[in-house]
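We're numbering straight along the sequence, starting at 1. Only a predicted model underlies this, so the values are computations on that prediction, with no experimental measurement involved.
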Amino acid sequence: MSSIDPTQFYVSELRYWQVVYTTLCEIFRVEPKKARGLVDSFRAELWDDAEPLERLLAYHAEPLDVAADLAGVEHVTDEQAKFYDELLHGRRDARHRA
């Protein structure tokens, strides 16, 4: 049975939140400072209030969906999903990076 390397998990966690932040800024047009606050608050809430397994399961949510929730967006459009896919796969450059 393989184990999770804590360093690898930490790097993956940072990448996850960078994607959420970039999605907030680029797709949902949240101001960078506000986006940083939303991400930081949610991460702190997750860390403070959730059990370890709940925190781990939280990373199974698509960053696009997490960003939409944080931005108060109820429905992600096809155009937004396409933009997200392009950002995620490097076919479009982001103006705002974490």
Side-chain angles (χ1 to χ4, degrees):
M1 173 188 251
S2 63
S3 62
I4 296 174
D5 175 6
T7 303
Q8 183 179 1
F9 180 76
Y10 178 74
V11 170
S12 296
E13 181 183 23
L14 287 178
R15 171 76 175 127
Y16 182 89
W17 292 113
Q18 287 174 339
V19 172
V20 172
Y21 170 82
T22 300
T23 302
L24 280 166
C25 294
E26 298 293 329
I27 296 173
F28 300 118
R29 303 288 185 209
V30 175
E31 295 271 334
K33 186 175 181 178
K34 182 176 181 182
R36 173 59 49 220
L38 289 169
V39 169
D40 289 348
S41 293
F42 187 73
R43 283 180 72 185
E45 182 180 313
L46 188 63
W47 185 257
D48 292 342
D49 298 338
E51 296 294 324
L53 185 55
E54 289 176 292
R55 286 195 299 269
L56 184 61
L57 289 174
Y59 293 106
H60 285 76
E62 189 68 43
L64 175 63
D65 296 328
V66 173
D69 288 344
L70 292 175
V73 173
E74 291 184 28
H75 176 72
V76 175
T77 66
D78 290 341
E79 184 179 322
Q80 289 169 325
K82 181 180 178 194
F83 188 175
Y84 172 77
D85 187 59
E86 290 170 354
L87 279 173
L88 201 61
H89 295 96
R91 294 188 298 266
R92 187 181 289 217
D93 288 330
R95 292 173 301 187
H96 304 285
R97 300 219 182 255

Novice: Considering non-hydrogen atoms only, spot the tightest contact between Pro63 and Tyr16 and give its length.
Specialist: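 Answer, listing the atom of Pro63 first, then Tyr16: CG-CE1, 3.6 Å.
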Novice: What's the spacing between Leu64 CG and Leu88 CG if we round to 0.5 Å?
Specialist: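 One gets 9.5 Å once the value is rounded to the nearest 0.5 Å.
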Novice: What's the separation between atom CD in Glu13 and atom OH in Tyr59, rounded to the nearest 0.5 Å?
Specialist: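 Answer rounded to 0.5 Å: 3.5 Å.
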Novice: Mind checking the OG1-CZ spacing from Thr22 to Arg15? Nearest 0.5 Å is all I need.
Specialist: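 It comes to 7.5 Å.
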Novice: Taking distance alone, no hydrogens or angles, what donor-acceptor pairs closer than 3.5 Å link side-chain atoms of residues 37-44 to residues at least two apart or in another chain?
Specialist:
unit_1, atom_1, unit_2, atom_2, d
Ser41, OG, Gly37, O, 2.9

Novice: Checking Leu87 against Ile27 for the side-chain contact (heavy atoms from CB on, under 4.5 Å) test, could you report, in this order, the C-alpha distance in whole Å, the side-chain angles of both residues, the deciding distance, and whether it holds?
Specialist: CA-CA 9 Å; Leu87 279 173; Ile27 296 173; 4.1 Å; yes
Novice: For Tyr21 and Pro32, which heavy atoms make the closest approach, and how far apart are they?
Specialist: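 Shortest heavy-atom separation between Tyr21 and Pro32 comes out as OH-CB, 3.2 Å.
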Novice: Could you list the residues that satisfy side chain to side chain donor-acceptor pair (under 3.5 Å) with Asp69, not counting sequence neighbours?
Specialist: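 So Asp69 forms no side chain to side chain donor-acceptor pair (under 3.5 Å) with any residue.
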Novice: Could you state the interatomic distance from CZ (Arg29) to CD (Gln80), rounded to the nearest 0.5 Å?
Specialist: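 Atom-to-atom, Arg29:CZ and Gln80:CD are 10.0 Å apart.
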Novice: Would you say Val19 and Val11 are hydrophobically clustered, going by side-chain heavy atoms of ILVMFWY under 4.5 Å?
Specialist: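 Different clusters: Val19 never reaches Val11 through Ile, Leu, Val, Met, Phe, Trp or Tyr contacts under 4.5 Å.
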Novice: Measure across Ala35 and Val30 and return the closest heavy-atom pair with its distance rounded to 0.1 Å.
Specialist: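 The pair with the smallest heavy-atom distance is N-CG1, 3.6 Å.
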Novice: Is the number of heavy atoms from other residues, nucleotides or ligands under 6.0 Å of Asp48 CG greater than 12?
Specialist: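 Yes - once you tally the heavy atoms of other residues, nucleotides and ligands closer than 6.0 Å, there are more than 12.
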Novice: Over all heavy atoms of both residues, which pair between Tyr84 and Glu62 is shortest? Give the atoms and the distance, please.
Specialist: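 What the structure gives for the nearest pair is OH-OE2, 2.5 Å.
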Novice: Indicate the atoms forming the closest heavy-atom contact of Leu24 with Ala67, along with that distance.
Specialist: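 Result for this residue pair: CD2-O, 3.3 Å.
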Novice: Applying the 4.5 Å side-chain criterion to the ILVMFWY set and letting contacts propagate, would Leu46 and Val66 be lumped into a single cluster?
Specialist: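 Yes, same cluster.
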